[in-house]
2 protein chains.
Amino acid sequence: MTNEHSVFQTLKAAGYKLTLQRRATVEAVCAAENPMTPQAFHAVISQNHPEIGVVTVYRTLDILKRLGLLCQFQLDGTAQRFKAGSLEHHHHLVCRCCGEVVDFGRCPLELETTLEKETGFRITDHRLEFAGVCRACQGKENQGPQSFSGNTGEPE
Amino acid sequence: MTNEHSVFQTLKAAGYKLTLQRRATVEAVCAAENPMTPQAFHAVISQNHPEIGVVTVYRTLDILKRLGLLCQFQLDGTAQRFKAGSLEHHHHLVCRCCGEVVDFGRCPLELETTLEKETGFRITDHRLEFAGVCRACQGKENQGPQSFSGNTGEPE
DNA sequence: TTAAATGCAAACCATTTGCATTCCT
DNA sequence: AGGAATGCAAATGGTTTGCATTTAA
């Protein structure tokens with residue numbers, strides 16, 4: 001749970017107006033434990049503010065994203081999901097079952113340097129994600145919302 | 001460039017019929033250097049086989065994916081892209097500018113084990129992707145098709 | 001006051017599905 | 001022959017855009 005106020009300030013500082021709908025969206029984003037889709041945020045927001053439209057939520061999320069205040073997730077095929085948090089922190093453990101996301105700080109940056117040398121790429125970004133089943137979900141699999149890909153491969 | 005014949009055999013072995021359209025799709029996939037969208041594959045295929053519909057390409061790609069013959073990419077927001085190759089090999093360097101993908105084999109698996117211990121997750125999958133600008137594209141940035149996310153953050 | 005922000009409806013784009021027709025084996 | 005595969009058109013679902021109206025600063 002990120003603190004809303006710093007987000008408000010960043011928004012303000014960047015020249016954005018602090019409207020009711022933006023406040024509501026920021027609140028929802030900061031309150032969310034797991035990454036959620038824009039639609040899902042809208043659903044939450046609608047509970048208190050039925051007047052706010054999805055479009056505005058999309059637009060606000062887009063702003064937050066541009067400001068680097070959101071982590072963006074997109075596992076295969078599924079709609080994009082957002083979670084409050086800095087872009088610099090790209091390392092996550094995603095539960096295939098409930099969508100829970102655990103962050104972890106360590107990352108193999110030396111590899112990055114090595115790769116730059118070997119490939120000539122100028123590396124600007126990376127993403128390291130582990131997917132699996134979190135402790136709570138172990139045993140109750142098979143209803144999960146997302147997967148990295150993976151299926152039987154048999155003709156049906 | 002993966003060899004088509006092994007793919008044909010896998011398809012056959014799995015009980016799928018080897019139709020013209022599947023051959024054409026497999027050919028296109030194997031010939032592609034970089035990951036491409038289903039639509040892009042269809043465009044290529046259409047050059048020689050205008051009768052083949054996008055839907056069939058989608059369906060074939062889906063089969064190949066299920067059989068673990070494709071790597072799937074999805075950078076923020078963009079349409080999914082596929083490239084021939086095994087699923088077990090999830091490590092890529094993606095150029096934001098031209099979409100070139102370089103594979104690399106090493107991956108920090110020890111981290112996986114550590115994380116399992118610390119978090120209680122049962123980890124089944126991971127993805128490690130670096131993004132940047134490849135040697136060829138350095139200097140001609142700013143037209144690129146994909147990005148991990150990242151923009152100015154200024155109101156326009 | 002006034003540019004920025006909103007909401008609605010419509011547009012878009014990628015992907016999926018229903019169904020009648022065609023095709024491998 | 002007969003189930004599998006195709007193609008079309010239509011449905012879907014997420015996301016974006018145009019535009020007239022409202023609002024924060």
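Note that these values count all heavy atoms, side chains included, but never hydrogens, waters or copies made by symmetry. Just so you know, these numbers come straight off a predicted model, no measurement behind them. Within every chain, numbering begins at 1; the chains are lettered A, B, ... in the order of the sequence lines, protein sequences first and strands thereafter.
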Nearest non-hydrogen partners of B:A79 and B:T37, listed with the distance: CB-CG2, 4.0 Å
Nearest heavy-atom neighbours spanning A:F41 and A:L61: CD1-CD1, 4.1 Å
Contacts of A:T60 and B:Y58 projected onto DNA chain C by closest heavy atom; the upstream (5') one is A:T60
Upstream residue (5' side of DNA chain C) when B:Q39 and B:L20 are each assigned their closest nucleotide: B:Q39
[N] OP1/OP2 closer than 4.0 Å to side-chain N/O of [X]:
| X | N | value |
| --- | --- | --- |
| A:T56 | C:dG7 | yes |
| B:Q21 | D:dG7 | yes |
| B:Q80 | C:dA14 | no |

Ring of A:Y16, cation from A:R22 - is the NZ or CZ under 6.0 Å from the centre and inside 45° of the axis? no
What integer distance in Å separates [X]:[atom1] from [N]:[atom2]?
| X | N | atom1 | atom2 | answer |
| --- | --- | --- | --- | --- |
| B:E51 | C:dT22 | CD | P | 15 Å |
| B:R23 | D:dA5 | CZ | C1' | 14 Å |
| A:F8 | D:dA25 | CZ | C1' | 17 Å |
| B:R59 | C:dA14 | CZ | P | 18 Å |
| B:L61 | C:dA14 | CG | C1' | 13 Å |
| A:H42 | D:dG13 | NE2 | C1' | 15 Å |

With nearest nucleotides of DNA chain D determined for A:P38 and B:R22 from heavy-atom distances, which residue corresponds to the more 5′ nucleotide? B:R22
Choosing from [options], which nucleotide comes nearest the side chain of [X]?
| X | options | result |
| --- | --- | --- |
| A:K12 | D:dA25, D:dT6, D:dA9 | D:dA25 |
| A:T19 | D:dA5, C:dT6, D:dA9 | C:dT6 |
| A:K17 | D:dC8, D:dT23, D:dT6 | D:dT23 |
| A:Y16 | C:dA5, C:dG7, C:dT17 | C:dA5 |
| A:A79 | D:dG7, C:dC8, D:dT15 | D:dT15 |

Spacing of B:T56 atom OG1 and B:E51 atom CD [to the nearest 0.5 Å]: 10.5 Å
